[in-house]
Amino acid sequence: VYKRQLLLGLSTIVRATGIVVLPAFLLIVLLDRPRQRRAISALVLVISCLIVVLPVAKSFGDKFDSGLFLQGFGGLNFLLGNDPAGEGVPSARLGGDWDVVSGEAFRSGALTAGARERYYYRQGLEQIRQEPLGFVRMLVVKGFWLTQAEEPRETHSIHFFRTKSLLLRLLPGFGLLFPLSVCGLLVAGHSRRLPLSLSLYLLTIAGSCMLFVVSLRYRLPVVPVLAVFAGLAIIWFWSQFQEKAWRKVVVWVTVFLVTAGVSQVWSHAPTHNLAEEVALSASSLERDGDLKRAESMYKEALELDPQSAFAWAGLGRTYIRKNDLAAAEEAFRKSLEANPDYSRAHGGLGAVQWMTQRPSEAVESYRRALWLSPDTGFIARDLGKLLAQQGQLEEALEVYEQFLLFDPNDVPSLMAVARLSGALNAPHKGLDAVARATDLDPGNIDARALYALLSSSSGDFAAADRALRAAESRVGTNDPRLLFAWSVVYGQQGREEEANQMLARLIAEHPEFDPQRDLLMAH
């Protein structure tokens, strides 16, 4: 059992819902062990699981400033899966719907990852409190979804991959596994050989689906156990057939046919709309630089679903990379017509407006994009850079600081905070950011030079000296960024002759060096 718990710990750090199985194993220990050994066995059991989970949870917690933390979206799935007006399956899709709900917690003041999780759980419990009958109805709906052959889409639709794989098309699905396993469970129960461990495991996994949502990923952990009972059903049927126990065979076949029929009752229409998968395939080609095939696949996705905001936005990005800005703008506007809440379409439109010398319009597009999706790094960085170029340094600083709430280890954003703090005559504020950037990326000479400049501006010339000498130990004494930083530090110390010598050397040896572009931006 303890070896299983180590494996359970490993599975939990991949998918946090794995922890729901822990109480089932605890109950098994308490029921199966001699009374005098139950307490110590339960303790060892828990420790063997948590010894794997806690270090990872602590590492994630440190990164996201949330104590012990594994992964997000549990609270979000709890909210969506218990919406009395929903279907108990994942409903928010790429292309706007997801942006609205995933950014809601932050817009409501939940600034840390843990706070956002708690926000969604509170919202989910509140909707249950307001509509208890709707919640009961939802439990019934999710219970029925658990029996269905249909695999409601979550991240992807399995039907897309079946179109690409002959093996997947030939392999049996849940519609065969479920009726066979029901027969196996009845056989095991009738013969009083129903294993406690497997029974509790099934109940806990089914309970996690009932608590959150029913989908391929949430239901998949029951498959190995159901396969055990399905195998038992086949063996039992064959033995009864050989013995010519026709009455039992008829009962078995009847149960099988009834449960198989029940499993085919519901279908999930959005799961069979494969435009999203085609568009995601196109985005992979886009990232690989195969723009011709990417454009073709985005258009194929739009033939499947002309209202796919995701596909229109992807097509817009390919047009940008082909430098067809007019076509790109039209594509992004069509994306927003399909779904006005798609943040990446707003961001793409902002990029086109920026490239076509319409900075005021670009700022508004980027602001809307970041409001919808505050955790998207490229949108935050683009907006921050654009605001800084427009001289709106305070807002630019706020944008970068906001994004660091989502990713405290984003070195470009930390550097931007440091630079903007220096430009706003608040070097002390920027020192913490650039120090963190240096810790995360020790070989970043820009960060070390910037740390020296901010330290010098704060009056800590010893720290500036240490930072520059540490940088020189990595790249030598002829780096233009360090020569420039030395000249500034010497000048602030009143050592004018040495400052002028460094500047003269910089100009003579590196005439192409632009400190604003290469190091300081707005310092």
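Since the structure is predicted, the reported quantities are computational estimates derived from the model, not experimental observations.
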Between [X] and [Y], which heavy-atom pair has the shortest distance, and what is it?
X	Y	value
G384	V399	N-CG1, 4.0 Å
Y218	I205	O-CG2, 4.0 Å
N339	D97	ND2-OD1, 3.3 Å

Output all residues satisfying side chain to side chain contact (heavy atoms under 4.5 Å, CB included) with A245, sequence neighbours left out; order by chain, then residue number.
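For A245, the residues satisfying side chain to side chain contact (heavy atoms under 4.5 Å, CB included) (neighbours in sequence not counted) are Q240, K248.
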Would you please test F332 and W312 for ring pair (Phe, Tyr, Trp, His ring centres under 6.0 Å) and show each step?
CA-CA 6 Å; F332 287 126; W312 277 118; over 10 Å; no
Could you tell me how the ring of W252 sits relative to the ring of F237: parallel (under 30°), tilted (30 to 60°) or perpendicular (over 60°)?
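Correct class here is tilted.
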Evaluate the ring planes of F212 and F78, with Trp represented by its six-membered ring, and classify them as parallel (under 30°), tilted (30 to 60°) or perpendicular (over 60°).
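Aromatic pair F212/F78 classed perpendicular.
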Are side-chain heavy atoms of F174 and V222 found at a separation under 4.5 Å?
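F174 reaches V222 side chain to side chain.
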Is any side-chain heavy atom of N82 less than 4.5 Å from a side-chain heavy atom of K142?
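They are in side-chain contact.
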After noting the C-alpha distance and the side-chain angles of F241 and W246, does the key distance pass the ring pair (Phe, Tyr, Trp, His ring centres under 6.0 Å) rule?
CA-CA 7 Å; F241 183 83; W246 302 120; 5.5 Å; yes
For R344, look at atom CZ and say whether over 12 heavy atoms of other residues, nucleotides or ligands are found less than 6.0 Å away.
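Open.
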Has S296 got a side-chain atom pairing as donor or acceptor with K292's backbone, closer than 3.5 angstrom?
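No, S296 side chain to K292 backbone: no donor-acceptor pair under 3.5 Å.
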Report yes or no: does R219 contribute a side-chain atom to a donor-acceptor pair with the main-chain N or O of W145 at less than 3.5 Å?
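Checking the backbone N and O of W145 against the side chain of R219, a donor-acceptor pair under 3.5 Å is found.
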Hey, are T271 and N273 close enough side-chain-wise for a donor-acceptor pair under 3.5 Å?
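Per modelled atom types, N273 and T271 side chains form no pair under 3.5 Å.
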Should D382 and K385 count as an ion pair when the cut-off is N to O under 4.0 Å?
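Looking at D382 and K385, the cut-off is not met.
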Is the shortest side-chain N to carboxylate O distance from E277 to K164 below 4.0 Å?
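The answer is no: the pair does not qualify as a salt bridge.
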Apply salt bridge (charged side-chain N to carboxylate O under 4.0 Å, His left out) to residues R129 and E126 and explain how you reach the verdict.
CA-CA 5 Å; R129 187 191 67 80; E126 178 60 21; 2.6 Å; yes
